[in-house]
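Here is the structure we will look at, set down as structure tokens.
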Amino acid sequence: MNNGSSDSTALSATERNRAGSARPPEAAPGSQPAAPAPAGATSGTAAQAGDASPVPAAQAAAGTVPATAEDALANPVYARFVTDLLGVVAYGELSGFERLSSDARFSPSLADRASLGRLAVQEFEHFELVGRFVAGLGVTIEEAMAPFQASIDAFHERTRPGDWYESLMKAYVLDAFSGDFYRSLADTLDPRTRELLCTIDSGEGAAHLQRRLKEALSDDPRLASRLALWGRRLVGEALTQAQRVGIEREYLAGILFADAAHTQHSTALYSQLTRNHSRRMSALGLTA
């Protein structure tokens, strides 16, 4: 994810708190809540969860952020949540690397080809960062990504760009959307996981994509209506995909929004993501 963290459309702290108030669960003194292990986990903290009965997600979400990262990630319930979250992130980064590498071949200039290549390299570097982090939880990155592969692949099939300009818009919309989503979770995560996502969320990728899109629209105003329509489709598909992941991985969605205000929290978050997208499109001179 190459989103510039200085993006003015990022979720504010107040909006983040309103959109998702869940916190990592904290184990009761003298005991640890149990949960199913992540798919394929065989060792480490996450694997401990396979030896005990499941804990309902609503109970898991009731805790607060533990004092240290070690305390948080030693909790098998929370480790399961982080593994799922980072599985989504990692496969998104790997897919981004593949997509940008492929799209670079159709760039209208060598400069564009080189710039997309650099962005692709950043995506792969982020993928490797997540892989090393997940390995520390006793789970391979392949095991963490596997539950999300089919769904994310289907999303990219549904949103296959028609040309280089649509590829550029797709990279920009998805980069910004994922950056907003990860920032909305920042206050709910332990320090180590939060730092990892902040590292992935740093860089000039989004700023470069925005500049290049503005140049393209300035050079050919006829692109405006087509890219505006494409942007609307992309953000709609992205919102649907985020909801689909939550449905497919009940454990992940349950800890994020496991309380009586589930619908309210989800609606607030998705509404904010949509407003941010609208502001970005307006900055490009497009109608969202």
Side-chain angles (χ1 to χ4, degrees), residues 1-3 24 35-50 57 73 76-103 119-160 170-171 174-175 177-185 188-190 192-201 203 205 237-256:
M1 178 178 58
N2 300 307
N3 184 55
T42 57
S43 63
T45 301
Q48 297 171 8
L73 294 170
V77 176
Y78 180 61
R80 170 67 180 272
F81 160 67
V82 168
T83 300
D84 268 3
L85 175 61
L86 295 184
V88 175
V89 173
Y91 198 66
E93 297 298 316
L94 182 60
S95 298
F97 161 73
E98 295 171 339
R99 187 179 68 250
L100 289 171
S101 298
S102 176
D103 293 346
L119 293 182
V121 170
Q122 290 179 17
E123 296 279 298
F124 195 78
E125 289 173 346
H126 293 161
F127 164 73
E128 291 187 314
L129 280 176
V130 178
R132 288 193 291 271
F133 190 101
V134 170
L137 301 178
V139 183
T140 69
I141 191 60
E142 293 79 14
E143 291 166 340
M145 294 190 299
F148 310 103
Q149 180 178 2
S151 180
I152 293 176
D153 285 351
F155 165 79
H156 286 301
E157 283 298 316
R158 293 194 304 273
T159 57
R160 187 183 294 275
K170 180 175 178 177
L174 296 188
D175 186 85
F177 181 94
S178 57
D180 281 350
F181 184 76
Y182 299 150
R183 283 190 295 275
S184 76
L185 302 181
T188 75
L189 301 171
D190 65 274
R192 279 184 56 205
T193 307
R194 183 166 61 245
E195 182 181 3
L196 174 66
L197 291 185
C198 287
T199 299
I200 294 173
D201 192 35
E237 290 281 1
L239 288 167
T240 300
Q241 178 66 21
Q243 294 168 330
R244 180 177 290 112
V245 167
I247 292 171
E248 292 176 347
R249 299 295 286 181
E250 182 179 0
Y251 201 85
L252 177 58
I255 291 184
L256 284 174

If you look at every heavy atom in [X] and [Y], which pair is closest and at what distance?
X: Ala144; Y: Pro147; answer: O-CD, 3.4 Å
X: Ala171; Y: Leu100; answer: CB-CD2, 4.0 Å
X: Asp175; Y: Glu123; answer: OD1-OE2, 4.5 Å
X: Ser95; Y: His156; answer: CB-NE2, 3.7 Å

Mind checking whether [X] and [Y] have side chains closer than 4.5 Å, heavy atoms only?
X: Ile152; Y: Tyr91; answer: yes
X: Leu197; Y: Leu86; answer: yes
X: Leu94; Y: Ile141; answer: no
X: His126; Y: Val121; answer: no
X: Phe155; Y: Thr240; answer: no
X: Leu196; Y: Leu189; answer: no

Please list, chain by chain and in numerical order, all residues satisfying side chain to side chain donor-acceptor pair (under 3.5 Å) with [X], sequence neighbours excluded.
X: Ser101; result: none
X: Thr159; result: Lys170
X: Thr140; result: Glu143

Nearest 0.5 angstrom please: [X] [atom1] to [Y] [atom2], how far?
X: Leu119; Y: Arg99; atom1: CG; atom2: CZ; value: 10.5 Å
X: Phe148; Y: Gln241; atom1: CZ; atom2: CD; value: 10.5 Å
X: Glu93; Y: Gln122; atom1: CD; atom2: CD; value: 10.0 Å
X: Tyr182; Y: Ile200; atom1: OH; atom2: CD1; value: 7.0 Å

Are Phe181 and Val89 close enough, and set up right, to give a side chain to side chain contact (heavy atoms under 4.5 Å, CB included), and what steps lead you there?
CA-CA 11 Å; Phe181 184 76; Val89 173; over 6 Å; no
Test side chain to side chain contact (heavy atoms under 4.5 Å, CB included) applied to Arg132 - qualifying residues, sequence neighbours left out:
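Scan of Arg132 (side chain to side chain contact (heavy atoms under 4.5 Å, CB included), adjacent residues dropped) gives Glu128, Leu129.
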Is it the case that atom CD in Glu195 sees more than 12 heavy atoms from other parts of the structure closer than 6.0 Å?
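No, not enclosed.
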For side chain to side chain contact (heavy atoms under 4.5 Å, CB included), just list the numbers for Phe133 and Arg192, CA-CA rounded to whole Å, side-chain angles, deciding distance to a tenth of an Å, and then say yes or no.
CA-CA 9 Å; Phe133 190 101; Arg192 279 184 56 205; 3.7 Å; yes
For Ala79, does its backbone N or O pair with a side-chain atom of Thr83 as donor and acceptor, under 3.5 Å?
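Yes, because the side chain of Thr83 sits within donor-acceptor range (under 3.5 Å) of the backbone of Ala79.
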Set of ring pair (Phe, Tyr, Trp, His ring centres under 6.0 Å) partners for Phe127, sequence neighbours left out
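Testing Phe127 for ring pair (Phe, Tyr, Trp, His ring centres under 6.0 Å), a comparison that skips the adjacent residues, returns Phe124.
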